[in-house]
There are 2 protein chains.
Amino acid sequence: MTITDVAARAGVSPATVSKVVNGRYGVAPRTIAHVRQVVAELGYETSLVASSLRSRRTGVLGVLVAEFEPYSTEILKGASRAVAGTGYELLAYSGGTRTDGDEGWERRSLSRLGGTLVDGAVLVTPTVALVTGATPVVAIDPHAGPAAVPTVDADSHRGAVLATEHLLRLGHRRVAFLGGRPGLESSRLREEGFVTTMRAAGVPVAPELLRVGGYRPGPAAEAARAVLALADRPTAVFAANDLSAIAVVEVARELGLAVPADLSVVGFDNIPESALVDPPLTTVEQPLQEMGARAVRRLVGLVDGDAAAGEGAAWGDHLRLPTALVPRASTAPPA
Amino acid sequence: MTITDVAARAGVSPATVSKVVNGRYGVAPRTIAHVRQVVAELGYETSLVASSLRSRRTGVLGVLVAEFEPYSTEILKGASRAVAGTGYELLAYSGGTRTDGDEGWERRSLSRLGGTLVDGAVLVTPTVALVTGATPVVAIDPHAGPAAVPTVDADSHRGAVLATEHLLRLGHRRVAFLGGRPGLESSRLREEGFVTTMRAAGVPVAPELLRVGGYRPGPAAEAARAVLALADRPTAVFAANDLSAIAVVEVARELGLAVPADLSVVGFDNIPESALVDPPLTTVEQPLQEMGARAVRRLVGLVDGDAAAGEGAAWGDHLRLPTALVPRASTAPPA
DNA sequence: GTGAAAGCGCTAACAT
DNA sequence: ATGTTAGCGCTTTCAC
């Protein structure tokens with residue numbers, strides 16, 4: 001079912017059909033009606049691929065993620081809400097699931113979709129610096145270092161301070177930290193928040209208690225196993241995200257350690273799943289849905305080019321949203 | 001950055017670059033190495049749009065949804081897990097957010113993406129019959145009536161029976177039902193399960209207690225307001241999905257009714273959010289993530305064309321997964 | 001082993 | 001008001 005089929009059936013040229021479908025001027029009312037009729041009969045819909053190749057304006061915004069897990073889908077929910085009523089549609093692309101290592105998925109996805117398929121893109125946790133091409137881009141929780149694009153994130157440093165203070169207040173002194181994905185600014189800030197708060201409290205952080213979980217359950221579980229096998233086991237673990245924290249709880253269970261009686265665990269993100277595990281996870285909330293919504297609104301401003309209106313002008317290069325401690329049942333004073 | 005740029009820089013023709021990039025035979029090893037080098041230097045990535053227009057094979061699977069809300073994102077999580085290691089990437093498209101009524105988004109999205117952009121698609125809650133075109137399709141929780149495509153759903157009828165029995169067991173006799181989206185098979189089955197169970201228990205269902213919420217918070221809230229304003233108010237509401245049930249709880253609160261003391265509420269789906277509201281929602285679980293995963297595996301079988309292997313042959317036209325009651329705090333005996 | 005040329009479905013510029 | 005033409009970036013014969 002192509003535009004040529006419609007044209008043939010309606011007895012006009014493809015160009016005329018195109019004009020009618022896209023509401024361009026210069027078509028007789030009679031012709032419009034007739035073509036519309038045929039379009040409806042045949043159930044014709046313009047191919048996104050073909051039209052985007054030619055016209056460079058698709059009315060579609062991209063959300064580029066490594067994979068669809070609880071973090072990115074929360075972002076997506078917010079993005080979806082924000083896009084309603086803007087006239088844009090949302091296309092979420094998960095480009096990090098290829099087997100050959102997921103480095104550089106964001107650059108790859110952007111190159112493959114940008115310029116043609118989508119009018120602009122929200123990049124979720126891009127770990128590499130972005131080539132500022134022709135496609136407007138907004139980054140969420142981006143790569144460390146100077147950002148070339150507008151950026152939305154949450155106050156990771158403050159969140160880490162809150163989590164660490166919470167553990168210190170409970171009486172923990174030997175606390176392990178499971179770091180996030182190297183390269184991400186949030187990862188750096190959470191570690192920094194943890195270390196400075198510990199130091200400020202006069203509590204030394206043993207190097208063997210500083211591990212990397214990469215924000216991923218697998219590596220996090222491995223790191224947790226290592227740290228919990230130490231002769232001088234920590235009484236608490238602060239994991240850089242909830243997925244890692246949940247993995248820590250599972251490892252603790254495997255090892256016969258009760259949470260929080262034998263081990264306190266704190267996460268980060270407050271994904272819905274964090275409240276559903278047993279025990280419910282103490283964590284740091286980031287307003288994920290709002291981050292997604294803000295990013296989309298900013299992107300719409302960028303794409304529409306009215307720097308004056310709406311979210312376009314509301315914030316400049318960087319929007320940082322607040323974080324908050326959510327105390328639940330995975331933390332308690334050490335035994 | 002196009003293939004022509006790479007070709008020019010490498011001193012070969014676009015055709016040769018294409019062959020190298022796609023690993024076709026008939027290129028000298030020296031040339032391959034050189035072109036690879038230039039590709040890496042320039043950071044070239046083949047445009048998904050252009051290549052898909054020409055070649056009809058993209059390695060991308062689509063998940064078509066009306067919007068990204070808790071239900072569809074759970075499906076997405078499962079789909080994402082299932083697609084890992086298959087060599088396919090996932091593209092989720094939300095085509096129902098256009099302002100002009102969301103009727104027919106599934107047909108529209110499929111026409112726009114199918115055949116070119118994606119090799120196959122999972123359609124989530126399509127409300128209209130599908131044109132079985134060239135693109136392989138698997139439907140999740142589809143339109144009522146005979147399905148022309150392989151289908152995954154959960155046992156809605158059984159789930160509704162369980163929920164209704166739960167309310168009857170608690171002693172409720174005046175129970176309202178907030179129906180789902182007309183046209184969806186799941187909607188019909190849940191209502192049928194409710195009505196038959198009530199009848200079987202010898203409890204009449206007053207027509208004014210049978211309402212439609214359309215699976216959406218807005219209409220559901222409206223229906224809830226109507227039903228709770230009745231002189232002879234129901235003591236319990238069974239909503240056809242969690243989003244509606246949550247809306248009911250909010251309306252009850254507005255009206256000064258305590259849940260579950262003054263009104264019991266049961267939902268359906270067991271989206272993560274259902275456990276997080278106050279009070280935690282009694283609901284019926286559907287294995288949403290598994291449904292997404294199964295649908296994707298089936299689709300991969302369809303696209304790869306090996307009907308013999310794996311999920312392709314594991315089930316035929318219809319896979320129905322079990323549902324289960326999840327009793328939480330939103331239900332109690334009537335006052 | 002490599003390149004020239006055609007064409008995927010569509011839209012925009014330019015005829016008519 | 002309508003049609004003809006060219007070309008978006010790529011892949012695929014088919015010559016060479």
Side-chain angles (χ1 to χ4, degrees), chain A residues 1-36 38-39 42-60 110-119 133-135, chain B residues 1-36 38-39 42-60 110-119 133-135:
Chain A
M1 184 55 26
T2 75
I3 200 170
T4 320
D5 299 329
V6 177
R9 187 84 133 74
V12 297
S13 76
T16 301
V17 177
S18 175
K19 281 171 197 156
V20 171
V21 168
N22 296 297
R24 299 272 176 276
Y25 289 108
V27 186
R30 254 182 58 77
T31 315
I32 294 183
H34 179 223
V35 170
R36 283 246 175 80
V38 174
V39 163
L42 268 46
Y44 167 78
E45 292 287 350
T46 168
S47 155
L48 180 59
V49 166
S51 67
S52 76
L53 185 56
R54 192 66 178 93
S55 71
R56 227 127 261 234
R57 197 99 204 321
T58 58
V60 177
L110 193 56
S111 301
R112 282 174 57 100
L113 307 190
T116 42
L117 229 208
V118 298
D119 295 339
T135 313
Chain B
M1 184 57 23
T2 75
I3 201 171
T4 319
D5 299 329
V6 176
R9 187 85 132 76
V12 297
S13 73
T16 301
V17 176
S18 174
K19 282 170 194 154
V20 171
V21 167
N22 296 297
R24 300 273 175 276
Y25 290 108
V27 185
R30 253 182 58 77
T31 315
I32 295 183
H34 181 221
V35 171
R36 283 246 175 80
V38 173
V39 164
L42 267 47
Y44 167 78
E45 292 287 349
T46 168
S47 156
L48 180 58
V49 167
S51 66
S52 76
L53 184 56
R54 192 66 177 94
S55 70
R56 230 125 258 238
R57 197 99 201 323
T58 58
V60 177
L110 193 55
S111 301
R112 285 177 53 110
L113 307 190
T116 41
L117 229 209
V118 299
D119 295 341
T135 313

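Order of the sequence lines sets the chain letters (A, B, ...), proteins ahead of strands, with each chain counted from 1.
Using a 4.5 Å cut-off on side-chain heavy atoms (C-beta onward), Val60(B) and Leu117(B) make no contact. Side-chain contact between Ser13(B) and Thr16(B): present, with at least one pair of heavy atoms (C-beta onward) separated by less than 4.5 Å. Looking only at side-chain heavy atoms (C-beta outward), Ile3(B) and Thr46(B) stay at 4.5 Å or farther from each other.
Of the inter-residue distances, the one linking Lys19(B) atom NZ with Ile32(B) atom CD1 reads 11.0 Å to the nearest 0.5 angstrom. Considering OG of Ser51(B) and CD of Glu45(B), their distance stands at 11.0 Å, rounded to 0.5 Å. Between Thr135(A) atom OG1 and Arg56(A) atom CZ the span is 9.0 Å, to the nearest 0.5 Å. From Leu53(A), atom CG reaches atom OG1 of Thr58(A) across 12.0 Å, with rounding to the nearest 0.5 Å.
Residues Asn22(B) and Arg24(B) share a closest heavy-atom pair of O-NH1, 3.0 Å.
Across all strands shown, Ala28(B) has heavy atoms under 4.0 Å from sugar-phosphate atoms exclusively, and none from any base. Counting non-hydrogen atoms under 4.0 angstrom, Ser52(A) reaches nothing in the nucleic acid.
Counting only distance, with no hydrogens or angles, the side chain of Arg30(A) and the backbone of Ala28(A) share no donor-acceptor pair below 3.5 Å. Counting only distance, with no hydrogens or angles, the side chain of Ser55(A) and the backbone of Ser52(A) share no donor-acceptor pair below 3.5 Å.
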Sub-3.5 Å pairs of nitrogen or oxygen atoms, protein against nucleotides 6-10 of chain C:
{"residue": "dG7(C)", "atom": "N2", "partner": "Arg54(B)", "partner atom": "NE", "Å": "2.1"}
{"residue": "dG7(C)", "atom": "N3", "partner": "Arg54(B)", "partner atom": "NE", "Å": "3.0"}
{"residue": "dG9(C)", "atom": "N2", "partner": "Ala50(A)", "partner atom": "O", "Å": "3.3"}
{"residue": "dC10(C)", "atom": "OP1", "partner": "Tyr44(A)", "partner atom": "OH", "Å": "2.6"}
{"residue": "dC10(C)", "atom": "OP1", "partner": "Ser47(A)", "partner atom": "N", "Å": "3.4"}
{"residue": "dC10(C)", "atom": "OP2", "partner": "Ile3(A)", "partner atom": "N", "Å": "2.2"}

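Regarding Tyr25(A), its OH atom lies at a distance of 18 Å from the P atom of dT11(C), rounded to whole Å.
Each end of the helix from dG1(C)-dC16(D) to dT16(C)-dA1(D) gets its own axis, taken as the rotation carrying the C1' atoms of four end pairs onto the next four within a five-pair window, and the two axes meet at 50° to the nearest 10 degrees.
Put simply, chain A comes within 4.0 Å of DNA chain D, heavy atom to any atom, from dA1(D) to dG9(D), going 5' to 3'.
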